[in-house]
Amino acid sequence: MEFTNIEKIFLGKDGKVRIHGWLHNKRSSGGIVFVFLRDGTGIIQCAVKKDKVGEKNFDDVEKSPLESVIEVEGEVRKDPRSPGGFEVTASSAKVETKADEDYPIGKKEHGPDFLLDNRQFYLRTERMVKILTLRSKFMEIVRDWFKENGFKEFDTPMFTTAAVEGGSTLFPVKYFDQKAYLVQSWQLYAEAGIASLGKIFVIAPSFRAEKSRTRRHLTEYWHLEVEEPWCDFEGLLKTEEQLVTYLLHRLAKEEPEILKYFGRDPEFLLKINPPFERITHEKAVDILKKEGVKIKQGQDITYELEKILTQKFDKPFFLTHFPKEIKAFYHMPDPKNTDVTLSVDLLGPEGYGELTGGGQRIHDYKQLMKRIKEQKLNPKDYSWYLDLRRFGTVPHSGFGLGIERLITWILKLDHIRDAIPFPRLINRVYP
Ligand code: 4AD
């Protein structure tokens with residue numbers, strides 16, 4: 001008999017089944033042991049009785065430590081008392097592999113460092129299974145959106161020679177006898193890609209040598225990036241709104257139980273619709289001043305200040321028109337006021353802050369060269385990139401979305417580290 005995935009039982013498979021899984025939990029009473037098996041598709045309760053499976057098998061199962069692998073054949077029964085409403089009544093049960101006794105993750109509370117040290121096992125907890133299931137669904141949904149909207153996937157190098165987002169967060173690597181860096185963003189290559197493939201996207205790691213210990217910074221994170229030719233600032237905001245709305249609505253419809261488990265009401269996500277509210281950087285500074293924050297116009301809104309600002313909102317909103325001085329060289333100055341740029345971040349409400357960053361790019365050669373020089377960068381490092389403006393330049397825009405940032409907000413997590421299987425943080429590259 002072939003093995004059945006546990007989720008199939010919850011989806012209606014009945015009758016006789018053969019399943020196997022890791023022993024997630026167990027409970028004995030007299031001649032019966034209830035085992036909870038987890039196979040990556042679900043967790044189900046199985047009732048194993050001594051008189052049905054024989055004394056030897058019963059003893060083996062009863063004595064198995066957590067995370068042993070157990071195989072059960074039996075009949076599916078509706079049982080309102082068991083989690084999920086179904087139980088398998090075993091006609092046979094055997095231990096496939098017996099785990100050691102000292103499984104490190106127990107029922108007692110563990111501190112975050114202990115759980116990070118034992119990340120390989122922490123991934124098996126109900127909490128992490130749920131987060132990672134949602135993450136997998138997230139990836140599936142955004143790919144669907146790109147497909148439905150005519151975007152092609154464009155992959156670029158992880159080794160690079162120049163900064164995209166400022167030199168302070170570059171990770172240097174020895175590249176034979178040359179110096180290289182881990183890439184901070186796909187963007188510069190994407191601006192070459194649009195003349196080859198048109199509307200493009202990527203889902204890939206980006207690297208930032210973030211020296212700050214915060215709840216929202218990883219040193220390696222997954223970056224969803226988009227670049228579109230013949231797309232101006234307005235077009236960019238539309239693309240962002242549509243993608244994010246499509247994602248939130250589908251998550252609400254397809255994973256409502258996971259959302260509820262983390263305290264996020266699916267109905268709330270369904271109520272988020274374009275157009276998203278927009279406020280300029282100037283207005284945001286005014287709001288902060290009113291809150292008693294000491295900040296001047298033109299100054300950066302730091303992580304701490306974003307927390308204050310976003311408490312005032314209950315839906316994601318756009319923060320636009322950042323001052324030129326605090327933005328990367330490639331941002332197009334606003335023709336109506338060249339002190340500010342056609343740049344935009346999408347901010348998560350409830351204290352979460354920045355989820356995406358992007359804007360319209362400078363497509364004029366001279367203007368771009370001027371900004372590179374003003375920012376004291378070396379034009380030679382960007383020579384291939386500057387050349388793109390000499391051969392068929394077009395207005396274009398794009399953005400980058402921090403996948404873990406968005407998941408952290410969607411699931412109301414209190415730290416970004418759980419939105420990724422093996423987080424890389426300032427003090428952690430192991431396991
Ligand atoms: O705002 P950023 O730096 O923008 C760029 O890299 C652009 N070149 C993207 C583009 O236009 N194609 O980063 C984009 C997003 C941020 O809004 C944030 O969500 C995420 O990447 N991000 C991080 N996520 C986790 N840990 C970090 N250290 C992050 N740094 C940025």
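All ligand and atom numbering here is 1-based and tracks the order in the structure. Quick note: residue numbers are just sequence positions, from 1.
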Does Arg264 qualify as a cation-pi partner of Trp409, given the criterion of NZ or CZ under 6.0 Å from the six-membered ring centre and within 45 degrees of its axis?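 Yes - Arg264 lies over the ring of Trp409, closer than 6.0 Å to its centre and within 45° of its axis.
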Do Gln360 and His331 make a side-chain contact, defined as non-hydrogen atoms from C-beta onward lying under 4.5 Å apart? no
Could you pull out all residues at least two apart from Tyr330 that satisfy ring pair (Phe, Tyr, Trp, His ring centres under 6.0 Å)? none
For Glu153, which residues count as a side-chain hydrogen bond (donor to acceptor under 3.5 Å, both in side chains) partner, sequence neighbours excluded?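 side-chain hydrogen bond (donor to acceptor under 3.5 Å, both in side chains) list for Glu153, sorted by chain: Arg143.
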Going by atom type alone, with no hydrogens or angles, which donor-acceptor pairs under 3.5 Å involve a side-chain atom of residues 189-201 and a protein atom two or more places apart or on another chain?
{"from": "Tyr189", "atom 1": "OH", "to": "Thr160", "atom 2": "OG1", "distance (Å)": "3.1"}
{"from": "Glu191", "atom 1": "OE1", "to": "Tyr385", "atom 2": "OH", "distance (Å)": "2.9"}
{"from": "Glu191", "atom 1": "OE1", "to": "Arg389", "atom 2": "NH1", "distance (Å)": "3.4"}
{"from": "Glu191", "atom 1": "OE1", "to": "Arg389", "atom 2": "NH2", "distance (Å)": "2.6"}
{"from": "Glu191", "atom 1": "OE1", "to": "His396", "atom 2": "NE2", "distance (Å)": "2.8"}
{"from": "Glu191", "atom 1": "OE2", "to": "Gln187", "atom 2": "NE2", "distance (Å)": "2.9"}
{"from": "Glu191", "atom 1": "OE2", "to": "Tyr385", "atom 2": "OH", "distance (Å)": "2.7"}
{"from": "Lys199", "atom 1": "NZ", "to": "Asn149", "atom 2": "O", "distance (Å)": "2.9"}

Applying the side-chain hydrogen bond (donor to acceptor under 3.5 Å, both in side chains) test to Thr214, which of Glu210, Arg216, His217 qualifies?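 Of the listed options, the one satisfying the test is His217.
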Who are the residue neighbours of ligand 1 when the rule is a heavy atom under 4.0 Å from any of its atoms? Glu165, Ser185, Gln187, Arg208, Glu210, Arg216, His217, Leu218, Tyr221, His223, Glu225, Tyr330, Glu354, Leu355, Thr356, Gly357, Gly358, Arg361, Gly398, Phe399, Gly400, Gly402, Arg405, Ile416
